[in-house]
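Below is one structure, written out as structure tokens, with a few remarks after it.
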Amino acid sequence: SLQAGLAVLLKAERLFHSSYHSQAVHIRPICRVTRQFAKLPCGGFTVAASLSLVQDASCLAVSWELRQTLTVVFDTFSSGQGKKDWSLFKMFSRTLTDACPLASQSKVYVDISPKNKEKELLEVTPPPASVYEAIVQGDKRTYAVYDLLSPSLFNTSRSLNVQLKWKRPQDSSELPTPILHAQRYVSGYGLQTGEISTLIYNTHPYRAFPVILLETVPWYLRLYVHTLTIITKGKENKPS
């Protein structure tokens with residue numbers, strides 16, 4: 001249902017008006033976890049009181065995980081007349097009113113990691129009840145967490161409209177480039193000389209990252225796999 005939980009933000013008019021959107025379905029097998037009980041003596045009786053979760057090492061019992069993802073990119077700087085402020089309502093024309101009744105977890109994460117010394121310049125409303133820190137590509141990231149299943153979240157307001165504001169006007173300088181980033185461009189013309197080039201950069205001083213590249217091309221564009229060329233540090237890698 002699109003009437004509760006995070007699904008209320010899935011307004012087609014806003015999603016397809018974004019700079020980029022992608023939908024994906026991931027299905028993978030997972031070794032099933034079994035429950036084991038241990039019998040413990042208790043006053044002359046034997047009671048099964050100890051429970052442990054054991055993963056099947058031989059993976060004879062398999063469960064299937066279904067994961068659906070939606071990625072949307074909004075260019076709020078261009079649409080906001082040069083302002084970096086944004087909110088859920090500005091992007092989706094909707095706010096969150098409650099959690100999905102069938103969800104066991106329903107959270108909103110907002111990246112509030114400061115660039116240099118800008119932490120005191122950011123203002124996130126409403127104030128998050130908790131903050132989560134993680135290491136992403138070697139960098140420490142800080143996230144404001146909003147738990148939709150928390151009863152206190154909707155006590156003061158009937159809806160949740162997360163907003164990020166800058167306390168003073170910001171310049172139009174470009175955002176910092178991530179350690180791992182990519183560029184893509186088209187060169188040539190026609191089926192004979194036309195090319196799609198994707199450049200992947202890793203600017204980390206010593207760490208390597210595994211990369212899975214997914215190319216999305218129009219249905220009318222014909223690709224020839226035998227023309228694939230992979231070049232790393234100036235040397236060509238023959239695809240296997």
| query | Considering residues, nucleotides and ligands other than Gln105, do more than 12 of their heavy atoms fall under 6.0 Å from its CD? | reply | no

Whether the side chain of Arg94 engages the backbone of Leu88 through a donor-acceptor N/O pair (distance < 3.5 Å, no angle test) should be reported.
no

Of all heavy-atom pairs linking Ile30 and Glu65, the shortest is CD1-CB, 3.5 Å

Mark yes when over 12 heavy atoms from residues, nucleotides or ligands other than Arg184 sit less than 6.0 Å from its CZ; otherwise mark no. yes

So OG of Ser159 and CZ of Phe89: to nearest 0.5 Å the spacing works out to 9.5 Å

Ignoring hydrogens and geometry, is there a side-chain-to-backbone donor-acceptor pair from Ser113 to Thr142 under 3.5 Å? yes

Sorted by chain and residue number, the side chain to side chain donor-acceptor pair (under 3.5 Å) partners of Asn237 (sequence neighbours excluded) come out as Thr232

Treat each ILVMFWY residue as a node, draw an edge where side-chain heavy atoms are under 4.5 Å apart, and state whether Leu228 and Leu223 are in one component. no

What one should report as the nearest heavy-atom pair of Trp86 and Val162 is CZ3-O, 4.0 Å

Exercise for the section: Tell me whether Val131 is reachable from Leu153 by hopping between hydrophobic residues (I, L, V, M, F, W, Y) whose side-chain heavy atoms are closer than 4.5 Å. Expected result: no

- Are Val145 and Leu160 connected, step by step, through hydrophobic side chains (Ile, Leu, Val, Met, Phe, Trp, Tyr) whose heavy atoms are closer than 4.5 Å? no

Next item on the list: Please lay out, stage by stage, how Arg141 and Glu133 fare under the test salt bridge (Lys or Arg N to Asp or Glu O under 4.0 Å).
Entry: CA-CA 6 Å; Arg141 312 298 297 182; Glu133 294 184 348; over 6 Å; no

Student check: side-chain heavy atoms of Ile179 and Asn202 closer than 4.5 Å: yes

- Are the side chain of Ser18 and the backbone of Leu15 linked by a donor-acceptor contact shorter than 3.5 Å? yes

Inset, instruction - Spell out, yes or no, whether Val72 and Met91 are grouped together once hydrophobic residues are joined by side-chain heavy atoms under 4.5 Å, including indirect joins. - result: yes

Would a distance-only check, ignoring hydrogens and angles, find a side-chain to backbone donor-acceptor pair under 3.5 Å from Tyr146 to Pro126? yes

Rounded to the nearest 0.5 Å, the NE2 atom of His17 sits from the OG atom of Ser93 at a distance of 9.5 Å

Hey, mind stepping through Glu215 and Thr198 against side-chain hydrogen bond (donor to acceptor under 3.5 Å, both in side chains) and telling me if it holds? CA-CA 9 Å; Glu215 287 281 1; Thr198 301; 2.5 Å; yes

- Establish, yes or no, whether a centroid distance under 6.0 Å links the rings of Phe74 and Tyr20. no

Can Tyr201 be reached from Phe209 by stepping across I, L, V, M, F, W or Y side chains whose heavy atoms are under 4.5 Å apart?
-> no

A side-chain contact here means heavy atoms from C-beta on lying under 4.5 Å apart; do His181 and Thr203 qualify? yes

Notebook entry, point to check: Run the salt bridge (Lys or Arg N to Asp or Glu O under 4.0 Å) check on Lys165 and Glu123 step by step: do they pass?
Noted result: CA-CA 5 Å; Lys165 296 182 179 180; Glu123 180 181 4; over 6 Å; no

Smallest heavy-atom separation, Ala4 atom then Val8 atom, equals N-CG1, 3.4 Å

